[in-house]
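By convention in this document, chain letters (A, B, ...) are assigned in the order of the sequence lines, proteins followed by strands, and residues within each chain are numbered from 1.
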There are 2 protein chains.
Amino acid sequence: MKEKFVEINQMLVEVYDDVNRIEEYSIKQGAFSDLSITEIHTVEAVGLYGSKTMSEIAAQLEITMGTLTTAVDKLIRKGYLERKRSNTDRRIVNVSLTNRGKLAYRIHEKFHLDMVKAIMNDFTAQEEEILLKALRKLNSHLKDIYMAARQSASTRGS
Amino acid sequence: MKEKFVEINQMLVEVYDDVNRIEEYSIKQGAFSDLSITEIHTVEAVGLYGSKTMSEIAAQLEITMGTLTTAVDKLIRKGYLERKRSNTDRRIVNVSLTNRGKLAYRIHEKFHLDMVKAIMNDFTAQEEEILLKALRKLNSHLKDIYMAARQSASTRGS
DNA sequence: CCTATATATTTTGATTATCAAAATATTTGT
DNA sequence: ACAAATATTTTGATAATCAAAATATATAGG
């Protein structure tokens with residue numbers, strides 16, 4: 001029994017590392033080699049449609065706004081993002097993707113989908129279905145664990 | 001059909017992010033809060049048994065030896081690692097875990113297994129088996145993709 | 001047995017990602 | 001109108017990383 005857990009853990013760790021490294025390599029080739037993984041993720045967080053505020057993006061990425069400010073500065077310099085002060089509330093900054101940013105978003109998305117397709121290639125429809133179900137469960141469990149950890153981290157000492 | 005790929009991709013991305021964050025929180029609590037995730041991974045790479053050379057560890061972690069040198073310096077200062085020059089070849093440095101390092105290793109390992117156990121708790125034996133199979137497949141596919149990317153990255157321009 | 005070359009590691013100098021806390025600008029509640 | 005709250009940026013610091021130069025040691029060929 002423990003054997004199985006050990007192997008599942010091993011698999012998860014390796015999958016994790018591989019995904020990370022594959023993503024890294026895939027960016028360094030390709031048309032957007034001037035973006036780091038972190039930067040791609042910021043582009044992803046801004047999203048294709050409309051704009052988001054600095055607070056929204058920072059919350060989604062779980063980084064401080066200070067960190068985000070410098071990240072956005074650089075992505076604007078590189079031509080992927082746009083910054084616009086809100087007219088209704090001048091404190092708020094609305095960040096959106098430029099056309100170049102949208103292109104980067106779509107290409108990165110395609111890379112992800114291609115990877116999934118390659119993986120699912122020799123899965124039967126039934127296996128696919130079961131995997132999806134298992135992943136949903138796995139994901140929801142992780143979210144629970146994560147929320148609990150987050151909670152205990154933020155209330156410690158209070 | 002594409003729908004399913006999109007969801008599987010989404011699940012994988014979220015699992016990835018959650019695992020990362022859970023690990024981070026779990027370290028920041030616990031007895032070894034003076035270690036970062038990167039440092040825990042270095043401890044893991046050194047391993048419980050015997051010693052490894054700088055080159056071996058750097059290769060395993062896919063970082064340069066320069067990076068590793070400073071990482072090892074700090075982990076020695078913190079009492080997790082030991083450095084010893086080989087007697088048979090004075091160029092070689094053998095790195096091993098101290099008792100404190102071994103304890104950190106075991107506790108981190110336990111954290112991983114507990115997480116897997118918590119996740120698998122309400123999986124049926126059959127689901128467990130299928131997830132494991134899927135993970136094996138996923139992992140082997142990722143390794144293939146990874147090797148190909150690595151190859152094309154290292155031969156580009158030659 | 002020397003010397004050139006190869007190997008293992010460390011040092012140096014730089015960059016990127018990150019944070020917490022202070023500063024700035026703007027809005028809102030009383 | 002002004003104090004408190006909110007949104008963001010700036011500042012000053014640290015960690016992780018790399019490539020290239022420097023150092024130390026080993027090995028192979030004459």
Side-chain angles (χ1 to χ4, degrees), chain A residues 17 20-21 23-25 27-28 33-46 51-78 80-96 153-154 157, chain B residues 17 20-21 23-25 27-28 33-46 51-78 80-96 153-154 157:
Chain A
D17 287 350
N20 202 6
R21 284 165 181 162
E23 199 162 2
E24 206 157 306
Y25 279 124
I27 289 169
K28 287 291 164 284
S33 56
D34 64 334
L35 291 179
S36 67
I37 288 200
T38 309
E39 286 173 329
I40 286 267
H41 288 159
T42 306
V43 166
E44 271 186 321
V46 173
S51 61
K52 290 204 182 152
T53 68
M54 293 296 285
S55 328
E56 284 166 353
I57 300 166
Q60 186 174 333
L61 294 172
E62 296 199 39
I63 57 178
T64 64
M65 270 194 292
T67 301
L68 184 60
T69 296
T70 56
V72 167
D73 284 349
K74 205 154 52 145
L75 285 169
I76 287 172
R77 239 183 299 126
K78 290 184 181 176
Y80 292 92
L81 297 184
E82 256 174 8
R83 206 188 236 130
K84 226 175 245 170
R85 283 268 161 199
S86 156
N87 285 321
T88 56
D89 183 340
R90 307 280 307 148
R91 290 171 304 181
I92 291 173
V93 169
N94 288 120
V95 180
S96 58
S154 68
Chain B
D17 287 349
N20 201 8
R21 285 164 181 163
E23 198 161 4
E24 208 158 305
Y25 281 123
I27 289 171
K28 288 290 165 284
S33 57
D34 64 334
L35 290 179
S36 67
I37 288 200
T38 309
E39 286 172 329
I40 286 267
H41 288 159
T42 305
V43 165
E44 271 187 322
V46 172
S51 61
K52 290 207 181 151
T53 69
M54 293 296 285
S55 328
E56 285 166 352
I57 301 166
Q60 186 174 334
L61 294 172
E62 296 199 38
I63 57 178
T64 64
M65 270 194 292
T67 301
L68 184 60
T69 296
T70 56
V72 167
D73 283 349
K74 206 155 49 148
L75 285 169
I76 288 173
R77 239 184 297 127
K78 291 185 182 176
Y80 292 93
L81 297 185
E82 257 175 7
R83 206 187 236 129
K84 226 174 246 169
R85 284 267 161 200
S86 157
N87 284 320
T88 57
D89 183 340
R90 307 280 307 148
R91 290 169 304 179
I92 291 173
V93 169
N94 288 120
V95 180
S96 58
S154 69

In whole angstroms, the gap separating P of dA24(D) from CE of M54(B) amounts to 17 Å
Please list, pair by pair, any protein nitrogen or oxygen found under 3.5 Å from a nitrogen or oxygen in nucleotides 13-17 of chain D.
from	atom 1	to	atom 2	distance (Å)
dA16(D)	OP1	S36(B)	OG	2.6
dA16(D)	OP2	K74(B)	NZ	3.1

Whole-Å distance, R85(A) CZ to dA7(D) P, equals 12 Å
Atom CZ of R90(B) and atom P of dT27(D) are separated, to the nearest Å, by 14 Å
Taking only side-chain nitrogens and oxygens of R83(B), does any of them come within less than 4.0 Å of OP1 or OP2 of dT10(C)? yes
Donor-acceptor pair, R83(A) side chain versus N94(A) backbone, under 3.5 Å? no
Are the side chain of E44(B) and the backbone N or O of H41(B) linked by a donor-acceptor pair below 3.5 Å? no
To the nearest angstrom, the NZ-P distance between K28(B) and dC19(C) comes to 11 Å
Closest of dT7(C), dA5(D), dT10(C) to the R91(A) side chain is dA5(D)
Got a donor-acceptor contact below 3.5 angstrom from the K78(B) side chain to the L35(B) backbone? no
Nearest heavy-atom approach of V46(B) to K52(B) is O-CG, 3.8 Å
D73(B) atom CG is separated from dT10(C) atom C1', nearest whole Å, by 9 Å
T64(B) meets the side-chain contact (heavy atoms from CB on, under 4.5 Å) criterion, sequence neighbours left out, with T67(B)
